[in-house]
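All chains are named by letter (A, B, ...) in the order of the sequence lines, taking the proteins before the strands, and each is independently numbered beginning at 1.
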Protein chains: 2
Amino acid sequence: MLHFNNSLFGGRFQSVLGIMSKGVNLRELSNRLNLSQTTVSRALNGYPEVSAETRKRVAEMADELGYAPNSQARRLATGRSMAIGHVIPRSIHEMMNPIFLEFIAGAGETYSKHGYDMIISVVEDDHEEDAYRQIATRKKADGVIVHGPAADEHRHRLLKEINLPFVVHGRIPGAESETTWVDMNNRRAFERATNLLLDLGHQRISLLNGLEHMDFARRRRKGFEDALAARGLAADNAIMRSSDMTEPFGCDNAMEMLKSDNPPTAFLVSSMISAIGVARAIGQCGLETGKDVSIITHDDALSFLPNSGEVPIFTCTRSSVRYAGQRAAELLLDIIASPQREPSSLHLDAELIIGQSTGPVPGR
Amino acid sequence: MLHFNNSLFGGRFQSVLGIMSKGVNLRELSNRLNLSQTTVSRALNGYPEVSAETRKRVAEMADELGYAPNSQARRLATGRSMAIGHVIPRSIHEMMNPIFLEFIAGAGETYSKHGYDMIISVVEDDHEEDAYRQIATRKKADGVIVHGPAADEHRHRLLKEINLPFVVHGRIPGAESETTWVDMNNRRAFERATNLLLDLGHQRISLLNGLEHMDFARRRRKGFEDALAARGLAADNAIMRSSDMTEPFGCDNAMEMLKSDNPPTAFLVSSMISAIGVARAIGQCGLETGKDVSIITHDDALSFLPNSGEVPIFTCTRSSVRYAGQRAAELLLDIIASPQREPSSLHLDAELIIGQSTGPVPGR
DNA sequence: TCCGGCATCCAAACCGCTTTGGATTTAACT
DNA sequence: AGTTAAATCCAAAGCGGTTTGGATGCCGGA
């Protein structure tokens, strides 16, 4: 009688009758084929020094036995972890924003297309540096994406020091030429948006911006101010706000301003989510969006907030972050594949799309 | 003159003057200490058969050299990948929803607290099964979380077959007792919400539900219908909709119904996002939310859509998905740590919170 | 006939860690 | 003094792949 020692199957032995597959390793596979591990490995990985016939045999047996190489072993042997890291500090993650998610989704598509894994670590703020160091020394990932660069960003220095390939989503002021990044043209987009409002006769425009210690928000503000300045106007701090881009942020501030002595006739908003809040405030004041008060928002093309249709709800500057995610991931994989060649950064342009939320300034 | 061969440093040699750390492995470390790898490994991992003094020496040298064990090697040796997988099929991910993100955020906290990595794979719909199989055979993760169970769910069978530990976010109908899950009481929550509306005199209530091939949406609908039935009322298909929970879904449908001959006086909505849409529609019809028309929504406590304050904007049933994520992750880690002991599932209760969006039916 | 070259395939080293199965030393007990 | 037990430490064998450096056999050309 046959004696089965369970441990032979690595403890994964499941049923004598069932397919007991899913447990073979390279050694067993090569034994079954009467070939060396070398040959089998090469056959499977498409190396040339293996005859077509052998390769076929190997392939067939491999999938008959349900063989798939153990990731850890392969990673150890090759020295590549085949994974990309995304570290998100608590502070960002407290306000876990959908834009991040959408970016991740895009990047994830690219990764899986290229056989890479995506690993995400949420860490305490003061452990962020640690997290990157660990990724590098423990070889957890072959590269990382840097999210949400601040105005006084420093992570890129660390990453260069520890020699961990990276791509920035956004731009690091002062380091544009020495880093690879994917960003949209924030300044230009907000400049155009502002010009549109100015053309419609609006002179008193409120800016509801993202957190201005972030680079993107600074650029947007600059675009806004540049456009005003070009027409000899100055921004009024009384109607500019900066915060996490939540719905209530939009509503509360809009409400307050609309009720003030000198209310804005238009709002330029950094996110659809807050723009929805602004629209709510306008409604609650008994006013009509696009008629009494105009709104232009930036639209990241989030999937759960579609702003499409023949005439979109919101007039907006639109740029797909998901697309940015895809491309950023591609750039990163490029860098990893050939570290010598400097891939060029990517400057995405936002479209300016006219929707229902803008109209000429009332009483003009 | 000293001749430095870069490859000696694994190519990671950076500067003769700088700390050229971050490259040592266990062997080098043990050489420096004149100890065996065994002893060093044990010292570092807290095994008892090492003297306190030695342990201290090891620890000091380790962090002087910036030693950290290579993850892949450790994983290969221990057979545990120290990672949890989340596979998200395209179809879900197309509509990459914020609820998922928030859950992930919660789970991520737990993982990092326990030294686990989180790996996310976005896959084509027809490769979902493959993805799970690969996770198991290639040992990519020690367990997975099953997201968004459908009414006719089958993934749990596969996972049991391939012996991959898992926890379900939500419940699998018919498999409640044989799987570990974390879910909120969807039926009860919607029943209570409906009762509240009925108590306020609303008789004609619209249900804007999530996709009803999903288990959670079915339960919610059941709660709604049960409450109606208990008062001898029947649900009217004309004012019930089911879809991805986007903003326009809420707005468009509410608009259509409000303009109909027999409009609802209240809406029961499955997500804040759609509820915002409903509120917009109400405003556009010149009506007032909470006075002319009532809304109760489910609130997943998404960070970018806070619905708090003294009197929250929306009356809601609230349950934090982030918390669910934390707990689901904990359960999963428990299962992995001690596979024999069946951890109990977790049934979260949603709070019913009165906000500004409900009021007695007009004209009562 | 002999040799170089090509096409195939293999044995063994290696990746960096954990862990088994002792070996050695020291302290403690008869 | 002679054993025994406890405390430390180590050599070497995995874990499951990839990759280097040949070995072997077969062919055509000189």
Considering only heavy side-chain atoms of Glu49(A), the closest of dC9(C), dC17(C), dA11(D) is dC9(C)
Report the nucleotide, chosen from dG16(C), dC9(C), dA11(D), that has the shortest atom-to-atom distance to any side-chain atom of Ser51(A). dC9(C)
Ignoring hydrogens and geometry, is there a side-chain-to-backbone donor-acceptor pair from Gln134(B) to Ala131(B) under 3.5 Å? no
Write down the distance between CZ (Arg138(A)) and C1' (dT18(C)), rounded to a whole number of angstrom. 14 Å
Interatomic distance, Glu53(A) CD vs dA7(C) C1' [rounded to whole Å]: 14 Å
Write down the distance between CG (Asn70(A)) and P (dT18(D)), rounded to a whole number of angstrom. 10 Å
Rounded to whole angstrom units, what separation is found between the NZ atom of Lys139(B) and the P atom of dG16(D)? 7 Å
So Arg42(B), base contact, sugar-phosphate only, or nothing? Heavy-atom distance under 4.0 Å. base
To the nearest Å, how far apart are Tyr47(B) OH and dC9(D) P? 17 Å
Candidates dC9(D), dC15(C), dT18(C) - which lies nearest the side chain of Asn45(B): dT18(C)
In whole angstroms, how far is the P atom of dC14(C) from the CG atom of Leu26(B)? 17 Å
Could you tell me whether the phosphate oxygens of dT19(C), OP1 or OP2, come under 4.0 Å of any side-chain nitrogen or oxygen in Ser41(B)? no
Sub-4.5 Å side-chain heavy-atom contact between Leu44(A) and Tyr67(A): yes
Is it true that Arg341(A) and Ser338(A) share a donor-acceptor pair across their side chains at a distance under 3.5 Å? yes
dC17(C), dG17(D), dC9(C): which one has an atom nearest the side-chain heavy atoms of Asn25(A)? dG17(D)
Among dG17(D), dA11(D), dA12(C), which nucleotide sits nearest the side chain of Thr38(A)? dA12(C)
What is the distance, to the nearest angstrom, from the CG atom on Leu76(B) to the C1' atom on dG14(D)? 9 Å
Side chains of Arg74(B) and Ser71(B): do they bring a donor and an acceptor to under 3.5 Å? no
Does the side chain of Thr38(A) pick up a donor-acceptor pair with the side chain of Ser41(A) at under 3.5 Å? no
In whole angstrom, what separates Gln72(B)'s CD from dG16(C)'s P? 11 Å
Does Thr78(A) reach a base, just sugar-phosphate, or nothing at all? Heavy atoms under 4.0 Å. sugar-phosphate
Closest to the 5' end of DNA chain D, once Gln37(B) and Ala77(B) are matched to their nearest nucleotides, is Gln37(B)
Counting only side-chain N and O atoms of Thr39(A), is one of them less than 4.0 Å from OP1 or OP2 of dC9(C)? no
